[in-house]
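All ligand and atom numbering here is 1-based and tracks the order in the structure. Remember, predicted model here, so these are calculated numbers, not experimental data. The analysis underlying the following values was restricted to heavy atoms, covering all of them including side chains, and did not include hydrogens, waters or symmetry mates.
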Amino acid sequence: MCKIDMENIGLSQRFITESTFDTSLYVGRVISQYKDLYKVVTANGELTAEISGKIRFDVKTLSDYPAVGDFVMLDRNEDSGGYAMIHHILTRKSAFIRKAAGTSHDEQIVASNIDTVFICMSLNNDFNLRRVERYLGVAWDSRAIPVIVLTKADLCDNLSQKLLELNAVACGVDVLVTSSMSEDGYLSVKNYISRGKTIAFIGSSGVGKSTLINRLVGENALETQKIRNDDKGRHTTTRRELIVLPSGGVVIDTPGMRELGIESADLSKTFADIDELSTKCKFHDCTHTSEPNCAVQQAINNGLLSGERLGNYLKLKKEAKYEGLNSKQIETEKFTVMFAEAGGMKNARKFIKEKNKKKQGFT
Ligand SMILES: Nc1nc2c(ncn2[C@@H]2O[C@H](COP(=O)(O)OP(=O)(O)OP(=O)(O)O)[C@@H](O)[C@H]2O)c(=O)[nH]1
Ligand SMILES: [Mg+2]
Ligand SMILES: [Zn+2]
C-alpha cells in the first residue's frame, strides 16, 4: 500500500480542521477528471470516485462540482473495487475561474486551492503585453499570487527589451525567464515550488507549459507537442491534471487558455497601481484626463507612471464595458458571491503595498 504524504500535496491545517465535521469520511485531493469520474489521491493512494446524489442535486453552477485541486470528503480511502463516493468539497482557499463557454454567467473552476499561478508566455510569437494584462486580471481574482513565467528564452534575441516592456505592466509581479532547451533553463521556477505548495500553469496553447512541468518532474510524465516553434495551438494537453513533484509540492497542468473566456475578466486589478493612485485624486470619480489635482496625471508628470499605461487602462476599461464606472463600482459589479469576502482587488492592493514597503526598507 503506497502511503501518500498528504501534507506535501497541500493538505494544510485549515482543511484538516474543516474535515473533522464528519469523522466517518476520509480526505482526498482531486487530481483529474474524466467526464463524471474523478481521480482522487488519498493517504493510501489513488482511487476513482463519483459525486454523491446530494451534491448532484444541490448543484447550482458548474463551480459546485469538484474541480482539479479540490480537497474532498470520501466514503473510503482505499481502492476496494467500484467507485468511491465524494460527499463534500472542502471550502476552496483559492480558485482560478473561467467563464464557461457560451453561458456568460456560469463559471467553471480551472484549478483550485492553488498558492501560485504561473502565467506562462513564450518569448517569441506568443509575447503580448495586452495578454499579460488580461491574464493578471484573472489571476488576481483567483486569490493565488501570480508569477509571470516567460518560456522559450532560446528563441528570443531581444530579451532585455522585452523585460523592460513587461516591467511596465507587471506591476511588481515577479518575472521569470525559462528555456526548456537547456539543462538548467527551468531552474528559476524551482524556487517557487516547495513542499505543501500548489502551482497552476496557465497560458496559451503551445507556449511550453507541459514541457516545463516535465523538466520539473524529471521525466516525460506529460504529453507535449512534437518539436514546432510557431506557437500555433494544437492543444496537446486536453485536461487539467495535478502532478506530485518528486522534490516536493504539486503542479497543475492546464490546457491552452485561448478559449477560456478571459476577455470577461475584471481588468481593474491589473492596474492596481493606477487604482491606488486614484484614491488620492481630488475627485473620487476622476477620469484622470483633465481634472485638477489628479494624482494619476501627477504621477505621469513626475515620471512615476507612463502615459501609455494610463492609455491602456482607459482603453481596457472601455473594452470591458465598464466605461463611466470607477474601479470601486466595477469591483462591486463583478464580485461573485463566492469571492465576496476576499476579492482579487484586495489581493492586488495588498501585494503592491507589501512590495512597496519592502522596496522602501532597502533604500
Ligand atoms: N525552442 C523551445 N521550444 C520549446 C520550449 N519549451 C517547449 N517548447 C516546444 O514548444 C512546443 C509546445 O510545448 P508544450 O509543452 O506541449 O506546450 P503546452 O503549453 O503544454 O501546450 P498545450 O498543452 O496545448 O496548452 C513543443 O514542441 C515543445 O518542444 C523552449 O523552451 N524552447
Ligand atoms: Mg500542455
Ligand atoms: Zn485622477
Between [X] and ligand 1, is there a nitrogen or oxygen pair with a distance under 3.5 Å?
{"X": "D253", "value": "no"}
{"X": "G203", "value": "no"}
{"X": "A153", "value": "no"}
{"X": "T151", "value": "no"}

Rounded to the nearest 10°, what angle sits at the Zn ion (ligand 3) between SG of C286 and SG of C281? 120°
Salt bridge or not for R92 and D70, using N-O below 4.0 Å?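 Salt bridge: yes.
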Are any of the side-chain nitrogens in R309 or D273 under 4.0 Å away from the carboxylate oxygens of its partner?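 Answer for the salt bridge query: yes.
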Please confirm whether the backbone N or O of S204 pairs with a side-chain atom of K209, one donor and one acceptor, at under 3.5 Å?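 Present.
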Only heavy atoms of [X], strictly under 4.0 Å: list the atoms of ligand 1 that pass.
{"X": "S179", "result": "31 (O)"}
{"X": "S180", "result": "6 (N), 30 (C), 31 (O)"}
{"X": "L155", "result": "1 (N)"}

Can you find a side-chain donor-acceptor pair between T42 and N44 that sits under 3.5 Å? no
Side-chain H-bond candidate by donor/acceptor type, N113 with T198, under 3.5 Å: no
Please work out whether the ring planes of H88 and F21 are parallel, tilted or perpendicular, with thresholds of 30° and 60°. perpendicular
Look at S210 and state whether any of its N, O or S atoms is less than 2.8 Å from the Mg ion (ligand 2). yes
Which N/O/S atom belongs to H288 and is the closest one to the Zn ion (ligand 3)? ND1
Check each heavy atom of T211 against ligand 1 and say whether those closer than 4.0 Å belong to the side chain, the backbone, both or neither.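 The answer is both.
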Spatial distance of atom NZ (K39) from atom CD (E46) [nearest 0.5 Å]: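 Going from the NZ atom of K39 to the CD atom of E46 covers 5.0 Å.
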Using the side-chain contact (heavy atoms from CB on, under 4.5 Å) criterion, which residues pair with Q161? Sequence neighbours excluded.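 If we apply the side-chain contact (heavy atoms from CB on, under 4.5 Å) test to Q161, skipping adjacent residues, the hits are N158, E165.
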